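First the structure, in the form of structure tokens, and then the observations on it.
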Amino acid sequence: MKKLKEFIPIVILTLTLILTPINVSHAVETSEMGYIAGSGFTSLIYTPIKGAFALLLGVTGGLSLMATVPANKSDISIELVNLGFGGDWWVSPDHLRGKRDLKFSGSS
């Protein structure tokens, strides 16, 4: 009997979610779907390259920090890290439309 009491709310919730009408008034146009899919596929290539670049500059900035801290020039190391980790991490549909520029690195 206890199992049945635990099972009934799950069945009710499942049926509610299945039988609830879906609002299709916010349907996405076909061209918009193309931009979304294109940005997704482009991001699959762009994001790992950006990650490798950020990792390289992060390690370089960390190593250079050991040399620049004693000379009170840690700004150089921080700038390297900001260059690597700044910028866009994925390609959005606005980048493909030309509404925004794709920034690979951060501002220096």
Side-chain angles (χ1 to χ4, degrees):
M1 188 67 168
K2 184 177 180 181
K3 293 280 185 184
L4 185 62
K5 286 183 181 180
E6 293 174 359
F7 185 69
I8 290 174
I10 294 171
V11 171
I12 292 172
L13 179 64
T14 304
L15 288 175
T16 303
L17 291 174
I18 291 173
L19 299 175
T20 303
I22 298 173
N23 186 3
V24 293
S25 64
H26 299 291
V28 180
E29 294 180 14
T30 306
S31 63
E32 180 68 19
M33 289 295 289
Y35 281 117
I36 292 170
S39 69
F41 288 126
T42 308
S43 292
L44 286 176
I45 297 168
Y46 174 80
T47 302
I49 294 170
K50 170 68 178 173
F53 178 73
L55 181 66
L56 178 68
L57 285 183
V59 168
T60 305
L63 291 173
S64 70
L65 192 62
M66 291 186 288
T68 57
V69 166
N72 289 331
K73 298 285 185 183
S74 61
D75 300 346
I76 298 167
S77 300
I78 293 170
E79 188 172 322
L80 277 174
V81 173
N82 286 338
L83 278 173
F85 286 93
D88 296 317
W89 277 85
W90 59 84
V91 180
S92 71
D94 286 341
H95 291 129
L96 297 178
R97 284 189 204 102
K99 291 182 179 179
R100 284 183 40 198
D101 292 334
L102 185 63
K103 296 176 183 169
F104 188 74
S105 62
S107 60
S108 58

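We count residues from 1, following the sequence as given. Note that the coordinates shown come from a computational prediction; the quantities given were computed from them, not determined experimentally.
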Do Leu57 and Phe85 touch side chain to side chain, with heavy atoms closer than 4.5 Å?
no
Would you find a donor on one side and an acceptor on the other, under 3.5 Å apart, between the side chain of Ser77 and the backbone of Leu65?
yes
Any side-chain heavy-atom pair of Leu102 and Tyr46 under 4.5 Å
yes
Within-4.5 Å side-chain heavy-atom neighbours: Leu80 and Ser64:
yes
Looking only at non-hydrogen atoms, find the nearest pair between Pro93 and Tyr35 and report the distance.
CB-CB, 3.9 Å
Would you sort out whether Ser39 and Ser92 count as a side-chain hydrogen bond (donor to acceptor under 3.5 Å, both in side chains), showing the intermediate values?
CA-CA 5 Å; Ser39 69; Ser92 71; over 6 Å; no
Inspect the contact between Arg100 and Asp88 and indicate whether a charged nitrogen and a carboxylate oxygen are less than 4.0 angstrom apart.
yes
Is a donor on one side and an acceptor on the other found under 3.5 Å between the side chain of Lys50 and the backbone of Ile45?
no
If you apply the rule side chain to side chain contact (heavy atoms under 4.5 Å, CB included), what do you find for Phe104 with Ile49, and how did you get there?
CA-CA 10 Å; Phe104 188 74; Ile49 294 170; 4.2 Å; yes
With rounding to the nearest 0.5 Å, note down the distance linking NE2 in His95 to OG in Ser43.
9.0 Å
Looking at Trp89, is its backbone amide N or carbonyl O close enough to the side chain of Thr47 to form a donor-acceptor pair, meaning the two atoms are under 3.5 Å apart?
yes
Nearest heavy-atom approach of Gly38 to Thr42 is O-OG1, 2.6 Å
Within the distance-only criterion (no hydrogens, no angle test), does the side chain of Ser105 pair as donor or acceptor with the backbone N or O of Leu83 below 3.5 angstrom?
no
